[in-house]
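Labels below follow one simple rule: chain letters A, B, ... track the order of the sequence lines, proteins then strands, and each chain is numbered from 1.
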Protein chains: 2
Amino acid sequence: MLDIAKGLNVSVVTVSKVLRNKGKISVATRKRVLQRAKELNYHTNWIARSLVTRRTFTIGLLLPDFTHPFFAEIAKAVAETVRPQGYHVIISYFEEDPELEKNESDSLMARQVDGLIAASAQSNSNLFENILARKVPVVLIDRPIAGVQASFVGADNEAIGKLATNHLIAQGCTRIAHLRGPKIGIAAARLAGYRHALQKHDLPLLPRYVVGARYVDSTGYTAMRKLLQQEPVPDGVFCYNDPVAIGAIKAISEAGLRIPHDIAVVGAGNVHYSDMLAVPLTRVDQCTGQSGKQAAELLMEQIGAKRKPRIKKILITPKLVVRQSTQR
Amino acid sequence: MLDIAKGLNVSVVTVSKVLRNKGKISVATRKRVLQRAKELNYHTNWIARSLVTRRTFTIGLLLPDFTHPFFAEIAKAVAETVRPQGYHVIISYFEEDPELEKNESDSLMARQVDGLIAASAQSNSNLFENILARKVPVVLIDRPIAGVQASFVGADNEAIGKLATNHLIAQGCTRIAHLRGPKIGIAAARLAGYRHALQKHDLPLLPRYVVGARYVDSTGYTAMRKLLQQEPVPDGVFCYNDPVAIGAIKAISEAGLRIPHDIAVVGAGNVHYSDMLAVPLTRVDQCTGQSGKQAAELLMEQIGAKRKPRIKKILITPKLVVRQSTQR
DNA sequence: AAAAATAGGGTAAACGATAATCCAATTGTA
DNA sequence: TACAATTGGATTATCGTTTACCCTATTTTT
């Protein structure tokens with residue numbers, strides 16, 4: 001800017017004003033400045049600007065792992081949502097390590113991010129209380145933390161359970177099983193939705209039809225094999241997530257049963273290769289992108305606001321995607 | 001820092017030195033400063049520091065789309081590699097739109113990133129020549145751009161083709177087909193590797209055994225069906241990538257043929273759910289993480305260097321992962 | 001025609017740090 | 001004892017931009 005000003009015999013402030021379209025500047029000087037800026041290939045130094053304006057137009061995104069498609073999709077949606085407002089995203093992941101998460105969030109704060117979106121692994125609210133005390137807006141995503149006075153966005157897991165189970169009922173299934181997942185909150189909510197749907201349709205709620213699929217590898221496969229030993233065998237299975245469903249399908253096929261004729265299968269989550277499977281999988285889409293978008297919108301709202309807006313809890317409504325695995 | 005200095009009756013510079021472990025400071029004042037800093041909950045303002053040091057300790061990562069597992073893995077590896085050196089990653093994606101890519105890279109430059117890693121969609125070298133002219137180190141990843149004087153890191157696609165084909169040969173296949181992909185450079189290199197391996201083992205190079213799998217959806221499926229109409233039917237298939245292989249497996253199963261007994265199948269790429277498939281897939285792992293890591297290391301090297309280090313082209317050696325789909 | 005308003009721009013300070021010098025007091029050396 | 005070297009720290013300038021305020025013509029209003 002100094003170079004531009006010198007050559008044109010105007011002050012740096014005048015240049016600054018032109019570049020930001022602020023203040024009263026004649027058309028003539030404006031033109032001259034702009035042209036010279038182009039000639040010199042001038043680009044705003046955002047660091048300097050941020051120092052004085054106290055806004056960096058960056059937000060921090062703190063995730064456990066962004067190779068996981070779920071979080072990758074969130075990252076994309078967030079970046080996409082804030083981009084039109086000139087914001088960029090600084091990513092950071094912490095591998096489920098709360099200590100590392102704390103370090104990283106400190107770093108992000110030191111970099112003066114204007115806001116933070118986090119899918120946190122903290123076991124208590126200390127970290128976020130500190131951040132909020134520094135007046136930095138925070139939006140929690142996917143994982144709520146008790147006691148944190150911040151907005152939250154996540155999937156409506158109970159609705160997912162209901163949607164999947166209701167669909168199986170609508171397809172004529174009467175012996176509906178559930179392969180449940182390990183994550184306390186999420187799995188419990190999906191299970192609750194499953195139960196709720198069964199009750200509402202006066203179907204029996206058999207404990208032996210709910211099998212845990214807790215293991216990392218081929219989790220759905222072994223769980224489904226356990227389920228196949230029940231008498232009578234279920235005619236519909238709601239699987240905690242898509243990988244579990246894929247394992248289940250394998251187990252069912254191996255047992256010589258047909259999908260969906262003998263057993264209908266519903267998955268849930270955000271895996272998008274369902275079409276490539278041997279049996280295209282009916283699944284409940286948890287609309288991950290929506291979550292990311294909403295979180296980003298909430299955050300931007302808070303960043304722009306003078307007074308702290310009310311805290312919101314948003315649950316994203318899932319969507320059923322019907323494929324061959326349940327179409328009788 | 002001013003607050004710390006005031007309370008202790010020392011200069012701001014002294015505080016600065018303590019906080020950075022620089023200069024000569026007595027143990028006593030050091031202690032006092034550090035304690036007061038903790039009391040006041042002081043955190044470095046990196047924006048201010050960056051302004052004067054001219055280093056932001058951020059790098060820009062410019063990718064087409066980071067929900068794609070390939071790029072997500074790169075992002076993770078990059079972030080992981082630069083973290084120990086205090087660096088953070090600003091992400092940006094451009095949906096294969098060269099114009100958007102240019103805008104985003106400009107933004108990243110304006111944010112004064114210390115370096116840039118890009119999987120670019122530019123059709124010429126202008127953009128990167130501009131960036132390099134501004135003395136910002138650049139490393140290209142996955143996609144080389146002709147005429148750009150920057151280091152490059154990518155998979156060794158010819159080696160991938162060789163590795164896959166040699167493995168099929170070693171398994172006793174003699175009629176080996178290839179489902180080739182659409183991307184010019186990459187697909188061509190893999191095809192070249194395939195041909196090279198065949199020639200080396202004096203196997204015939206039949207054009208009708210090379211089928212394009214160009215379509216987005218169920219690409220491998222239709223291509224494989226075409227292949228199954230050949231006479232004689234191949235006894236081994238090297239698929240351009242894993243999704244193609246999954247489609248191929250489906251087509252083969254439908255045709256009543258057994259894998260690997262009748263036809264052995266090899267995939268390639270970076271999909272990690274191969275184990276969950278009906279037939280666990282033998283594949284060539286292109287070691288995406290390695291690429292990201294190497295790219296990050298090259299970049300950090302350049303950022304640290306006084307003189308511009310020599311430009312390097314690094315090809316990552318692939319790795320064969322044998323599963324059921326080829327184990328006869 | 002005088003007063004008020006506006007247009008067009010300049011000045012000085014600040015944002016929160018670091019770099020380069022410099023200086024006084026103490027310590028070591030010949 | 002005299003001089004040099006070291007210790008511990010202060011001063012001043014700077015990074016590139018914005019903010020708040022001031023100034024002088026010219027134009028508008030009354």
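- The side chain of B:Ser11 approaches D:dT11 more closely than any other nucleotide in the set D:dT11, C:dT18, C:dA17.
- Atoms CZ (A:Arg111) and P (C:dG16) sit 18 Å apart, rounded to a whole Å.
- In this structure, the CG atom of B:Asp3 is 11 Å from the P atom of C:dC15, given to the nearest Å.
- Under 4.0 angstrom from either OP1 or OP2 of C:dA14 there lies no side-chain N or O belonging to A:Arg54.
- Salt-bridge formation is not detected for the pair B:Glu73/B:Lys76: no Lys NZ or Arg NE/NH1/NH2 atom is positioned less than 4.0 Å from an Asp or Glu carboxylate oxygen.
- As a whole-Å value, the separation of B:Lys24 NZ from C:dT21 P is 17 Å.
- Residue A:Arg49 places none of its side-chain N or O atoms closer than 4.0 Å to OP1 or OP2 of D:dG16.
- Mapping B:Val13 and B:Ala48 onto DNA chain D via the closest heavy atom, the residue that lands nearer the 5' end is B:Val13.
- Listed nucleotides: C:dA19, D:dT17, C:dG16. Nearest to the side chain of B:Lys22: C:dA19.
- Counted by atom type alone, B:Glu104 and B:Tyr93 present zero donor-acceptor pairs between their side chains at under 3.5 Å.
- The closest side-chain donor-acceptor pair between A:Thr81 and A:Glu297, if any, does not fall under 3.5 angstrom.
- Atom CG of A:Leu8 is separated from atom P of C:dG10 by 10 Å (rounded to the nearest Å).
- Following rounding to the nearest Å, B:Arg32 (CZ) and D:dG8 (C1') show an atom-to-atom distance of 12 Å.
- Dashed line: the shortest gap from a side-chain N or O of B:Thr29 to OP1 or OP2 of D:dG9 is under 4.0 Å.
- Phosphate proximity of D:dG8 to B:Ser26: absent, as no side-chain N or O sits under 4.0 Å from OP1 or OP2.
- Atom NZ of A:Lys313 has more than 12 heavy atoms from other residues, nucleotides or ligands within 6.0 Å.
- Taking 4.0 angstrom as the limit, B:Thr14 places a side-chain polar atom (N or O) nearer than this to OP1 or OP2 of D:dA10.
- Counting any heavy atom pair closer than 4.0 Å across all strands shown, B:Asn9 reaches sugar-phosphate atoms only and no base atom.
- Taking 3.5 Å as the limit, the base of C:dG10 and the side chain of A:Lys17 contain a donor-acceptor pair of atoms between them.
- The B:Leu51 side chain lies nearest to D:dG16 when the options are C:dA17, C:dG9, D:dG16.
- In this structure, the side chains of B:Thr29 and B:Val18 stay at 4.5 Å or more apart for every pair of heavy atoms.
- Note on B:Arg30: every side-chain N or O is 4.0 Å or more away from OP1 and OP2 of D:dG8.
- Taking the charged nitrogens against the carboxylate oxygens, A:Arg83 and A:Glu80 have no contact shorter than 4.0 Å, which rules out a salt bridge.
- In this structure, of D:dT11, C:dT11, D:dA10, it is D:dA10 that holds the atom nearest to the side chain of B:Val10.
- In this structure, A:Asn45 atom CG and D:dT18 atom P are separated by 10 Å, rounded to whole Å.
- Between B:Leu2 atom CG and D:dA10 atom P the separation is 13 Å, expressed in whole Å.
- For A:Met1 and C:dG9, the CE to P distance is 15 Å, given to the nearest whole Å.
- In this structure, the nucleotide among C:dA12, D:dT17, C:dA17 sitting nearest to the side chain of B:Tyr42 is C:dA17.
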